[in-house]
Amino acid sequence: GVEVGPQPQGVVRADILDKMRKIVKHGLDFVQLFNEGKEFPPCTIEVFKIVEKVDYPRNKDDEVIAIIHPKLQDQDWQPLNRGDPLFLTLDGEVIAYQGECTVYPTFINEAAYYEKKQAFVKTVKMKLTAKHIRSS
């Protein structure tokens, strides 16, 4: 499967659909070239690994007491450093990120994840290296 976004539920955006078509085309081109015996050299790519799902702050009755801070909203895949704002309480208090390392939040304030108690997902940046490949 291929998931390309962000895109609200029930909405079809032309720019996102175009990106998805390009990704699928590249995948099919790779399969064709691989099946024709083309050798692909080693490569390194940067990826994001999920390390933690983060819930909204809640009170003892499990009620949400803070929302995503405006400076975090729409900042998917951007670095989040210690001290950066995460949440804003209904009283106006800022709750800052207290992690030990820079993370890259994604799925920030996604409606589809609200019922799953997920305000965003913390990821870390990694590099993966692939050896050369060729069909036999």
Side-chain angles (χ1 to χ4, degrees):
V2 175
E3 182 178 346
V4 181
Q7 161 168 279
Q9 296 170 323
V11 173
V12 179
R13 289 181 38 172
D15 60 332
I16 301 298
L17 183 61
D18 184 54
K19 288 178 183 179
M20 189 241 359
R21 284 183 172 145
K22 287 177 181 173
I23 289 170
V24 170
K25 182 184 178 316
H26 286 302
L28 293 172
D29 288 346
F30 170 82
V31 169
Q32 180 177 348
L33 291 169
F34 180 80
N35 288 340
E36 292 172 354
K38 177 172 175 62
E39 184 170 348
F40 292 87
C43 66
T44 299
I45 61 168
E46 197 169 73
V47 298
F48 295 88
K49 178 182 176 184
I50 294 173
V51 293
E52 182 183 1
K53 294 177 182 177
V54 178
D55 191 8
Y56 294 88
R58 295 176 183 272
N59 65 16
K60 62 181 165 115
D61 296 322
D62 205 34
E63 298 168 325
V64 172
I65 59 167
I67 58 176
I68 295 293
H69 192 280
K71 289 186 178 178
L72 181 60
Q73 185 64 51
D74 301 321
Q75 297 301 308
D76 295 77
W77 312 112
Q78 299 304 309
L80 180 67
N81 300 295
R82 184 176 179 85
D84 288 346
L86 282 182
F87 298 104
L88 186 62
T89 70
L90 302 178
D91 296 331
E93 178 187 341
V94 174
I95 299 172
Y97 174 58
Q98 296 301 316
E100 295 301 317
C101 67
T102 298
V103 294
Y104 298 82
T106 188
F107 305 116
I108 300 168
N109 206 23
E110 290 281 342
Y113 298 113
Y114 186 81
E115 67 186 32
K116 296 176 182 179
K117 296 184 174 184
Q118 182 177 310
F120 62 92
V121 173
K122 287 196 288 188
T123 69
V124 291
K125 209 183 273 195
M126 302 175 59
K127 289 190 178 185
L128 296 179
T129 300
K131 298 178 181 178
H132 77 282
I133 59 170
R134 181 176 58 183
S135 65
S136 49

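For Glu93, there are no salt bridge (Lys or Arg N to Asp or Glu O under 4.0 Å) partners two or more places apart in sequence or in a different chain. Taking Glu46 as the reference, Lys125 meet the salt bridge (Lys or Arg N to Asp or Glu O under 4.0 Å) condition, with sequence neighbours excluded.
Checked by atom type and distance alone, the side chain of Asp76 pairs as donor or acceptor with a backbone atom of Phe107 at under 3.5 Å.
Rounding to the nearest 0.5 Å gives a distance of 11.0 Å between CG of Leu88 and NZ of Lys71. Lys25 contributes atom NZ, which lies 14.0 Å from atom CE of Met20 (distance to the nearest 0.5 angstrom). Atoms CG and NZ, on Asp29 and Lys22 in that order, are 13.0 Å from each other to the nearest 0.5 Å.
Across all their heavy atoms, Arg58 and Asp55 have their closest contact at NE-OD2, 2.7 Å. Contact detail for Gly99 and Arg82: the closest heavy-atom pair is O-NH1, 3.4 Å. Considering all non-hydrogen atoms of both residues, Lys53 and Val121 come closest at CG-CG2, 4.1 Å. Of all heavy-atom pairs between Ala96 and Gly83, the closest is CB-O, 3.6 Å. Scanning all heavy atoms of the two residues, the minimum distance from Pro79 to Asp84 falls at O-OD2, 4.2 Å.
Side-chain contact between Pro42 and Lys131: absent, with no pair of heavy atoms (C-beta onward) separated by less than 4.5 Å.
Heavy atoms of other residues, nucleotides or ligands lying less than 6.0 angstrom from CD of Glu115 number 12 at most.
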Could you walk me through whether Arg13 and Asp18 pass salt bridge (Lys or Arg N to Asp or Glu O under 4.0 Å), step by step? CA-CA 9 Å; Arg13 289 181 38 172; Asp18 184 54; over 6 Å; no
Would Thr123 and Glu52 satisfy side-chain contact (heavy atoms from CB on, under 4.5 Å), going step by step from the backbone distance to the final call? CA-CA 7 Å; Thr123 69; Glu52 182 183 1; over 6 Å; no
After noting the C-alpha distance and the side-chain angles of Thr106 and Phe48, does the key distance pass the side-chain contact (heavy atoms from CB on, under 4.5 Å) rule? CA-CA 10 Å; Thr106 188; Phe48 295 88; over 6 Å; no
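For the residue pair Asn109 and Gln73, a side-chain donor N or O sits within less than 3.5 Å of a side-chain acceptor on the partner. Between the side chains of Thr129 and Thr44, at least one donor N or O sits under 3.5 Å from an acceptor N or O.
One hydrophobic cluster, built from ILVMFWY side chains closer than 4.5 Å, holds both Leu17 and Leu28.
Hydrophobic cluster membership of Val54, counting Ile, Leu, Val, Met, Phe, Trp and Tyr whose side-chain heavy atoms lie under 4.5 Å apart directly or via other members: Ile45, Val47, Val51, Tyr56, Val64, Ile68, Leu72, Leu80, Leu86, Phe87, Ile95, Tyr97, Val103, Ile108, Tyr114, Phe120, Val124, Met126, Leu128.
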